[in-house]
Amino acid sequence: MIQQENQCNEHIFSTQLSDLQYRVDVEDLFLDLKVLLKEYYMGTFTHDGKALMLNFSNGQKFKLSLCEV
């Protein structure tokens, strides 16, 4: 993983995408997805470095993975 000199810790909104001056990394997207999903679903959300694991109280389990293309 390449460390960036100027890493921004703010969330990016659609109105700001045209002015994007730094790279979004997978970790940022995982964090944003985790926060958004917690707004709509109740369960356990864990990130193991490679995927976001979702475990719901009804027994359903999901594994979300991201990669930059």
Side-chain angles (χ1 to χ4, degrees):
M1 178 184 278
I2 297 173
Q3 293 293 328
Q4 298 174 4
E5 291 179 17
N6 260 343
Q7 190 171 21
C8 181
N9 292 324
E10 298 177 12
H11 290 281
I12 300 170
F13 298 98
S14 61
T15 57
Q16 297 172 304
L17 289 177
S18 62
D19 297 329
L20 190 61
Q21 299 296 317
Y22 64 93
R23 294 179 55 85
V24 176
D25 64 13
V26 172
E27 296 298 319
D28 291 334
L29 290 177
F30 273 128
L31 176 61
D32 289 341
L33 284 173
K34 188 175 177 181
V35 170
L36 286 171
L37 288 169
K38 283 186 172 187
E39 290 290 321
Y40 295 98
Y41 298 98
M42 292 187 69
T44 304
F45 302 86
T46 56
H47 179 245
D48 66 1
K50 295 182 181 182
L52 182 62
M53 304 296 292
L54 291 74
N55 296 307
F56 297 117
S57 58
N58 65 359
Q60 285 185 289
K61 295 180 180 182
F62 295 90
K63 180 178 181 179
L64 302 176
S65 60
L66 296 171
C67 66
E68 184 176 355
V69 292

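Note that the structure is a prediction, hence the values are computed from the model and not measured.
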### Message
I'd like to know whether Val35 forms a side-chain contact (heavy atoms from CB on, under 4.5 Å) with Asp32, so could you lay out the CA-CA distance, the side-chain angles of the two residues, the decisive distance to 0.1 Å, and finally the verdict.
### Response
CA-CA 5 Å; Val35 170; Asp32 289 341; 5.7 Å; no
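For the atom pair CG of Leu33 and CG of Leu54, the computed distance is 9.0 Å after rounding to the nearest 0.5 Å.
A single hydrophobic cluster is seen to contain both Leu37 and Tyr40, as judged by linkage of ILVMFWY side chains at heavy-atom distances under 4.5 Å, directly or through other members. Hydrophobic clustering (ILVMFWY, side-chain heavy atoms < 4.5 Å, transitive): Phe62 and Met53 are in distinct clusters.
Nearest heavy-atom pair across Gly49 and Glu27 is O-OE2, 3.9 Å. When all heavy atoms of Lys61 and Asn55 are compared, the pair lying nearest together is CG-OD1, 2.9 Å.
The ring-ring contact (aromatic ring centres under 6.0 Å, His included) search around Phe30 returns His47, not counting sequence neighbours. Applying the salt bridge (Lys or Arg N to Asp or Glu O under 4.0 Å) rule to Glu68 yields the partners Arg23; only residues at least two apart in sequence or on another chain are considered.
Relative ring orientation between Phe56 and Tyr41 is described as tilted, the plane-to-plane angle lying within the 30° to 60° band.
By the 4.5 Å heavy-atom criterion applied to side chains, Thr44 and Thr46 are counted as neighbours.
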